[in-house]
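Chain letters run A, B, ... following the sequence lines, proteins first and then strands; every chain starts at 1. Remember, it's a predicted structure, so these values are computed and weren't measured experimentally.
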Amino acid sequence: MTGMIQNRTSFLENIAEKLGRNPITKGVHRPSYKHTPQYEVLKTATRDELVSVLASQCSNIHVQFMETTADHLAEQVKTAVRSYGGGPVSVWKDERYAEYGLTDLVEKEWPHEQTLVHVWNDDLGEENIRLSEKANVSIVFSDITLAESGTVVLFTGKNKGRSMTLLPKHFIALIPQSTLVPRMTQAAQIIREKIKKGEAVPSCIQFITGPSNSADIELSTVYGVHGPVKATYIVISDR
Amino acid sequence: MSIKIGVGDFKERVHEELNNEFMRGAVRGAQERLRIKRLDEAEQLGNWEEWRSLGEEIRQHVLNHLDYYLYELSENVAKRGGHVFFARTSEEASQYVKEVVQKKKAKKVVKSKSMVTEEINLNSYLEEAGCEVIETDLGEYILQVDEDHPSHIVAPALHKNKNQIREVFKEKLHYSNTEKPEEITAFVRKHLRNEFLTADVGITGCNFAIAETGSITLVTNEGNADLVMSIPKTHIAVMGMERIVPTFEEMEVLVSLLCRSAVGHKLTSYVTAITGPREEGEADGPEEFHLVIVDNGRSDILGTEFQPVLQCIRCAACINVCPVYRHIGGHSYGSIYPGPIGAVLSPLLGGYEEYKELPYASSLCGACTEACPVKIPLHELLLKHRQVIVEREGKAPFSEKIMMKAFGLGASSDMLYGLGSRAAHSALKPFTKNARISKGPGPLKAWTKIREFPAPEKERFRDWFKNREGGKQS
Amino acid sequence: MKVSLFVTCLVDLFKTNVGKATVELLEHLGCEVDFPESQICCGQPSYNSGYVEETKDAMKHMIKTFEHSEYVVAPSGSCAFMFKEYPHIFKDDPIWEPKARELADKTYELTQFIVEVLGVEDVGAKMEGKATYHTSCHMTRLLGVKEAPIKLLRNVKGLEFTPLPGAHLCCGFGGTFSVKMGPISEQMVDEKVSNVESTGADYLISADCGCLMNIGGRMERQGKPIRVMHIAEVLNHRG
């Protein structure tokens, strides 16, 4: 269903007039920019080097950094959740949990030890928000990871709530090493490639860098203003 | 339309603010910290001047094709089921938002920080519609509770100390803990969490709209904008019409410049690109999305010598280096936009009548121009305002006009200069003691209020040179 | 090398020693210095107050004055910079823009001239004492001369050079700003004086008389013993 557009014509005509010409609605192309420093950043870095950059950046952004292999991921996740005081835990309905060997943990181990697990499932509708609100930890997979800034990029959407990672006090991002890129430059390129191939842009793409924070009171940094107080990144180095 | 804050005239406000010791200490400290952080990040990034030039290129390209990109943006927002309202005036914008909110029978609105919504006085329209409006940005929330105005465009409550905040919260919200920022924050988190969960409508600004995809980008450290746009059923985004880029690739460049220049971070904790309302079946995100695109005087700046000011990405780097802002603080400017960017923008959006002093409240030191990540020639624009005030607006004081005319004549005529300069020594002799003037007449009066002034020497340099030449062997 | 001295109105009337030191210094470095007599003022006071038309005659006067000079050297960063602005002020004027450009291209601030044109970094100066240097805003940010004065000062024998904290902060002169916005200028100069004092220096050196008169005038009023000197006077000191 197409949305409504109001008052556009006169608004744009006015702009064109001020610019001394007629309105243009097509045929403008992005220029070849004279300056392109963004492609130089971490240009020659290997995957391993990107992991190092990420690890080092984590200490600047108040994020606990862990590294493991797929075989040991479930253990590490369990440890991280325990370090945050246990459940309830919110996860997305996402095949990657199974792919990375977390099914047992999510479906058997945690429930067995009385750790509540909420799987964000669209069928639950608004109840998802209420359940995430009650959760202590959210755990998601990163779609693209920006080494330079320590950022996880989440393509949220169906069965992958956008508010899920904000509501609980603790946030864990699972990062397959293969998702690492130098910086947002590459993420932007990847997104545009998808668009050119005809994919729809996800309704919400979140670039999340560490826990929520603010320096609004006397410029003193505090964490967990509205979002998580603490965050952990677990890099899966063999995937 | 109202960017105006505070009462009295400029000189009165300055006088009051100069006596605000806490504010001055807070601003000094903030400037030091934020300046160093910006410089550190710039150095770490490398090629900072290249980045600035790229930022300038992107912004200039967009401004010169603004109608095209707004057209593309609106088409793409509508394709995704979002509604777009183009508002020429602030009243049109606020009225539209009010109508949406009324149609939804909304009682509670949560807002994330947005300078343009302050510009259009949105909150008062919403309150008229019987809505409770809650600011969720920590700084803005503090100001809302205290019924105060922002003094900085990125850190709006900079002028408040934690004890003041504690007192206000105690009085208005029954807060009973200490003044420690962590405790105040934990209280606000709990208090506002409930508001997010029960709000009917969420209103945000827009840091950068992306034309190619019909997206809007929200940049925060707190994540409050993400909650505002994901939980309430209706999301309204209000944007200044110039806050737009062609694609994700330009967005990432400007966000990189913004985060480093504003708060010395490579990226803020939450940079979120939203495209339209929620997709079919999604369990959160708005069911209805509205984008309000605001002109409010910006188009009058296009095509004029002031057009570069529209390149602004609202990072406040200029505010953080301004030696005048350092002492007088944000409230002195009498506008929601303070500092160098405010001194250029406020006369354009708010008129010369109200803001004619601001372009003169600058020593033209150029620190702002040097700091701007998108290379707005701020100090040059301040000078242009002075030229407009003198030549087009005719708002310069009459006595000054006479003095400047006399100066112009004296500085272009050997004879007049000769007369004047030779006479200076004897004319000022009555005021001179030990080659110094401590209480000067006319224009020297203001100077000598706090400084000594050197008396004009009996022998001007040129006389010395001439006499020397005469005695010199050629 | 023939050099025309653009002495500046402030020096001509109030700081003649600076002019004398400049001439002697340039002659010591092997230059033949002339003084085109019809020079008056670069026009900054009225131009920076917004009076463009009123100032154009004064600027044309200066352009004519230096028409036959090979090099124009001024002991002032802000006045030298003003000459660099002339081509923009006379933009699109078919007669005056080219003349203004010619003048702008051959104008130098004193230390800039010594280091960049004469290629000299040690002028053989000698002066005992502890000194700090005030970087004037127009000279550093607008004219772009940052290194030259420091290089020259570091080679003055006997001079203990100490950096000035808060050097990036404007001293509050800004020409007419200092009188138009008196209370604000006062705060700015007081912070500058406090920074100067904190260095423990005997001398405050600068390359702009406006700044020196501002900071020096304030310190004198406050009875502070720190002496202000123009860099020309320091560099011309030989014993």
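Only the side chain of A:T221 comes within less than 4.5 Å of a heavy atom of chain B; its backbone N, CA, C and O stay farther away. For A:V41, the part lying under 4.5 angstrom from a heavy atom of chain B is the side chain only. No part of B:R166 comes within reach of chain A, as not one of its non-hydrogen atoms sits under 4.5 angstrom from that chain. Neither the backbone nor the side chain of A:I61 comes within less than 4.5 Å of any heavy atom in chain B. Using a 4.5 Å cut-off between heavy atoms, A:I205 touches chain B through backbone and side chain atoms alike.
Exactly one residue among B:I165, B:N161, B:L158 makes a side-chain contact (heavy atoms from CB on, under 4.5 Å) with A:I217. That residue is B:I165.
In this structure, the side chains of A:Y33 and B:E250 come closer than 4.5 Å at one or more pairs of heavy atoms. Using a 4.5 Å heavy-atom cutoff, the side chains of B:T247 and A:R192 are in contact. Counting heavy atoms from C-beta outward, A:T9 and B:F86 have side chains that stay 4.5 Å or more apart.
One finds no salt bridge joining B:E282 and A:K160 here, because no Lys/Arg side-chain nitrogen approaches an Asp/Glu carboxylate oxygen to under 4.0 Å. A salt bridge between B:E75 and A:R8 is present, with a side-chain N of the basic residue lying under 4.0 Å from a carboxylate O of the acidic one.
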Tell me, with the steps shown, if A:K26 and B:E72 meet salt bridge (Lys or Arg N to Asp or Glu O under 4.0 Å). CA-CA 8 Å; A:K26 42 168 145 274; B:E72 199 191 2; over 6 Å; no
Please determine whether side-chain hydrogen bond (donor to acceptor under 3.5 Å, both in side chains) holds for the pair A:Q206 and B:D226, giving the CA-CA distance in whole Å, both sets of side-chain angles, and the decisive distance to 0.1 Å. CA-CA 9 Å; A:Q206 291 173 304; B:D226 287 59; 2.9 Å; yes
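The closest donor-acceptor contact from the side chain of B:R80 to the backbone of A:V201 lies under 3.5 Å. At distances below 3.5 Å, at least one donor-acceptor pair connects side-chain atoms of B:D284 with backbone N or O atoms of A:S163.
Interface summary for chain A: among B:G285, B:P156, B:G223, B:P246, the most heavy-atom pairs under 4.5 angstrom belong to B:G285.
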